[in-house]
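Here's the structure we're looking at; comments come further down.
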Amino acid sequence: MSEDRNYALRKLAEHLASLNAGVGSALPREGEMLDQIVSGILNGEDIARRFPEFHQKLLESAALREAFLDVLASIEAERSGEMTPLPSKARTDLSFLTGHASPSVLEVLDLHRWRASWQKSLDQLQAIFSPRKLVYRADPLIQDPWFTLLREEVTAAEGTNLDVELSCTLADQEENTLAAFLNLAVMLETPSAQAPFPLRASLQWGEYLESVLLTEEGRVKFPDIPLTSIFDPTLNQLRDGLNLSIETTSA
Amino acid sequence: MTVKGIIQRATRDEKTTHTQRVSMSQEPEIIRHMLEAELQSLAESKGAGIVQQIRPILLTNLDRGRIQSFTEGRTDRISDYVWRVAEGFSSLHPYLHDLQIEHSAEAWEPLFERMQTWAYNFFLRKNFAAGDQTLEIAIECATEAAINLLNTHFPYDTEFDPWAHIIVQNACRKFIHHSLKKSAVPNEMKVELDDELVDPEKPLLELQSLRGELDGDLASALAQISEARRAVIQYLYFEELNPEETAQKMGKSVGAIYTLQFHALRDLRKILDRIRDNLNE
């Protein structure tokens, strides 16, 4: 048997052995990188060579394979103009856009000190954790395990813009707790503007109140949030909205 | 070499490779340091502004395992990753800003219409009947997807379309999932949406006592599958073409090639299982 043929048989045997070897019908964690993979394919990448571990998972998991083929088919159909048109006019009601913004309140404390704060009402948060996607009951098959609680931009001082994102997920280590992260990017728009660090970020949510110090732009984690401090005793309903503030500090 | 030998060797090789890769994928701190080094060189060539903006994005992607997935444990890919995010940010940030921060109707109107079409076509692919009833479901799912899209972190290591398509499809899947849960169809009558025809409970092929050379069984198995599926196996495995080259050769899309490949593997696996079962009887 030639070496090439032997190699081909070996590869085929490997793939046949892997097919549906994964347990269960849930989408594995690799589902979260489907967009990366499909992006790569659209740019001519061969996933078996470029992402061998993902390719292995693709063979093992029927659920992942189905999701992968669905996305690829959908994008290709649109790009080749083969999508079936809607039977009647598309809905143009964009009312979902309202009610999600959290306008900031900016307090100028003195020449160099300011405080920016945002509020998310209980209604707004309940829309994020709607009954079917309560964070601690997230369905791994179809649910992003991360929840963006707030994403806003604000001009905190002349030439200094803050890009703020607050997100959370179930904490890895502790049961019934959320891990909350704050992303902060600072854009200085004028040469005279100075980076405002250190900054103090405070999060108040139900009975939870914690602060963290930011010494540079990036990502910081708040201390974990026990679900009991933000949900009712049955852990079914959120109790309160949240407040986030970011302020200059000398400490 | 017997089939068993071929598979055992493949499994052993895979394990070795996996071990070499695991250490880095488990060490976010190592990746974090490498990211900082890359960001420094990015700052030197593109300026500090872009670094300030993409650092939080990179750190978020690191927490979410996206960098580990992209690099698959290879440190030499971290540089590619950082540059990919920087380029993605430069080209897509204004659009994402319009969608997610400004909530611009001008940006949303065409996108929302596309999302409804994606959802409608998703349901058609799942054999829902074409018509207004399916359209209503599609609009409901597209609206839920739009709200999710407003609130979902965009990682900038991907193109916009695959990311948005997945959000829409997840909303559609959720609808189907919950509808099936609510349905009164007895469990024994339900069918899976995916054609998972190989019994996942069945022991792995390599653990069973396969007989004979795969070469021999394969010829007979290949003769039993469709011509297109056979051609894909020939091109991908025996002529070592990649999916894109195979697509060109067969005049099909890359997606169609992956579909044919997986269907061919599934068919072959079933046929080989049957051959083996017959031999065992």
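In what follows, chains are A, B, ... by sequence order, proteins preceding strands, each numbered from 1.
Interface remark: of the candidates B/R77, B/R114, B/R55, B/R77 forms the most heavy-atom pairs closer than 4.5 Å to chain A. Ranked by heavy-atom pairs shorter than 4.5 Å toward chain B, the options A/K221, A/E78, A/E216 are led by A/E78. When each of A/D163, A/L58, A/I41 is checked for heavy-atom pairs under 4.5 Å with chain B, A/I41 comes out on top. Contact tally against chain B (heavy-atom pairs below 4.5 Å) for A/A77, A/P87, A/A185: the top residue is A/P87. When the candidates A/L72, A/N183, A/I75 are compared by the number of heavy-atom contacts under 4.5 Å with chain B, A/I75 comes out ahead. Of the listed residues A/S39, A/A8, A/S80, the one with more heavy-atom pairs under 4.5 angstrom with chain B than any other is A/S39. Between chain B and the residues A/V220, A/L150, A/L69, the largest count of heavy-atom pairs under 4.5 Å involves A/L69. Ranked by heavy-atom pairs shorter than 4.5 Å toward chain A, the options B/E245, B/E109, B/Q100, B/E244 are led by B/Q100.
A donor-acceptor pair under 3.5 Å is absent between the side-chain atoms of B/N121 and the main chain of A/M83, judged by distance alone. The backbone N or O of A/L19 sits less than 3.5 Å from a side-chain atom of B/R269, completing a donor-acceptor pair. Side chain of B/T158 to backbone of A/D35: a donor-acceptor contact under 3.5 angstrom is found. Remark: the backbone N or O of A/F54 is paired with a side-chain donor or acceptor of B/E72 at under 3.5 angstrom.
Side-chain contact between B/S69 and A/Q36 is present, with at least one heavy-atom pair separated by less than 4.5 Å. A heavy-atom distance below 4.5 Å is found between the side chains of B/F238 and A/R5. Side-chain contact check for A/M33 versus B/P155: every heavy-atom pair is 4.5 Å or farther apart. For the pair A/S88/B/L135, a side-chain contact is recorded, criterion being any heavy-atom separation below 4.5 Å from C-beta on. Counting heavy atoms from C-beta on, the side chains of B/T60 and A/F181 never come closer than 4.5 Å.
Residues A/E76 and B/S253 have side chains that bring a donor and an acceptor to within less than 3.5 angstrom of each other. Residues A/S74 and B/H165 bring a donor and an acceptor atom of their side chains to less than 3.5 Å of each other.
One finds a salt bridge joining A/R91 and B/E136 here, because a Lys/Arg side-chain nitrogen approaches an Asp/Glu carboxylate oxygen to under 4.0 Å. Taking 4.0 Å as the cut-off between side-chain N and carboxylate O, A/D70 and B/K126 count as a salt-bridged pair. Using a cutoff of 4.0 Å between basic side-chain nitrogens and carboxylate oxygens, B/E113 and A/K89 are not scored as salt-bridged.
Ring-plane geometry between A/H55 and B/F262 is classed as tilted, the angle between the planes lying from 30 to 60 degrees on a 0 to 90 degree scale.
Atom-to-atom distance recorded for B/N151:CG and A/L149:CG is 9.0 Å, nearest 0.5 angstrom. Between the CD atom in A/E153 and the CD atom in B/E102 there is a gap of 7.5 Å [rounded to 0.5 Å]. A/L184 contributes atom CG, which lies 10.5 Å from atom CD of B/Q52 (distance to the nearest 0.5 angstrom). To the nearest 0.5 Å, atom OG1 of residue A/T92 and atom CD of residue B/Q116 are 8.5 Å apart. With rounding to the nearest 0.5 angstrom, the CZ atom of A/R151 is 10.5 Å from the CZ atom of B/F154. For the atom pair CG (B/N148) and CZ (A/F147), the distance works out to 9.0 Å, reported to the nearest 0.5 Å.
In this structure, chain A has a heavy atom under 4.5 Å from the backbone of B/A256, while its side chain stays farther away. For chain A, the nearby part of B/L236 is the backbone; its heavy atoms alone come within less than 4.5 Å. Heavy-atom distances place both the backbone and the side chain of A/V71 under 4.5 Å from chain B. Only the side chain of B/L124 has a heavy atom closer than 4.5 Å to any heavy atom of chain A. Within the 4.5 angstrom heavy-atom criterion, atoms from both the backbone and the side chain of B/Q53 approach chain A. For B/E240, the parts sitting under 4.5 Å from any heavy atom of chain A are the backbone and the side chain alike. For chain A, the nearby part of B/I101 is the side chain; its heavy atoms alone come within less than 4.5 Å. B/A130 does not touch chain A: none of its heavy atoms, backbone or side chain, sits under 4.5 Å away. Contact annotation for B/D157: both backbone and side-chain heavy atoms come within less than 4.5 Å of a heavy atom of chain A. Residue contact with chain A, scored on non-hydrogen atoms closer than 4.5 Å, is absent for B/F160.
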### Query
Given the rule in the side chain to side chain contact (heavy atoms under 4.5 Å, CB included) test, do A/T98 and B/H103 qualify, once you have shown the distances and angles that lead to the verdict?
CA-CA 8 Å; A/T98 55; B/H103 297 178; over 6 Å; no
### Task
Given ring pair (Phe, Tyr, Trp, His ring centres under 6.0 Å), test A/F96 with B/F112 step by step and report yes or no.
CA-CA 11 Å; A/F96 61 83; B/F112 189 44; 4.9 Å; yes
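The number of heavy-atom neighbours closer than 6.0 Å to CD of B/Q133, taken from other residues, nucleotides and ligands shown, is 12 or below.
For residues 42-51 of chain A, the interface with chain B (any heavy-atom pair closer than 4.5 Å) comprises A/L42, A/N43, A/G44, A/E45, A/D46, A/I47, A/R49, A/R50, A/F51, sorted by residue number.
A/L86 pairs in a side-chain contact (heavy atoms from CB on, under 4.5 Å) with only one of the listed residues (B/D132, B/T134, B/T117), which is B/T117.
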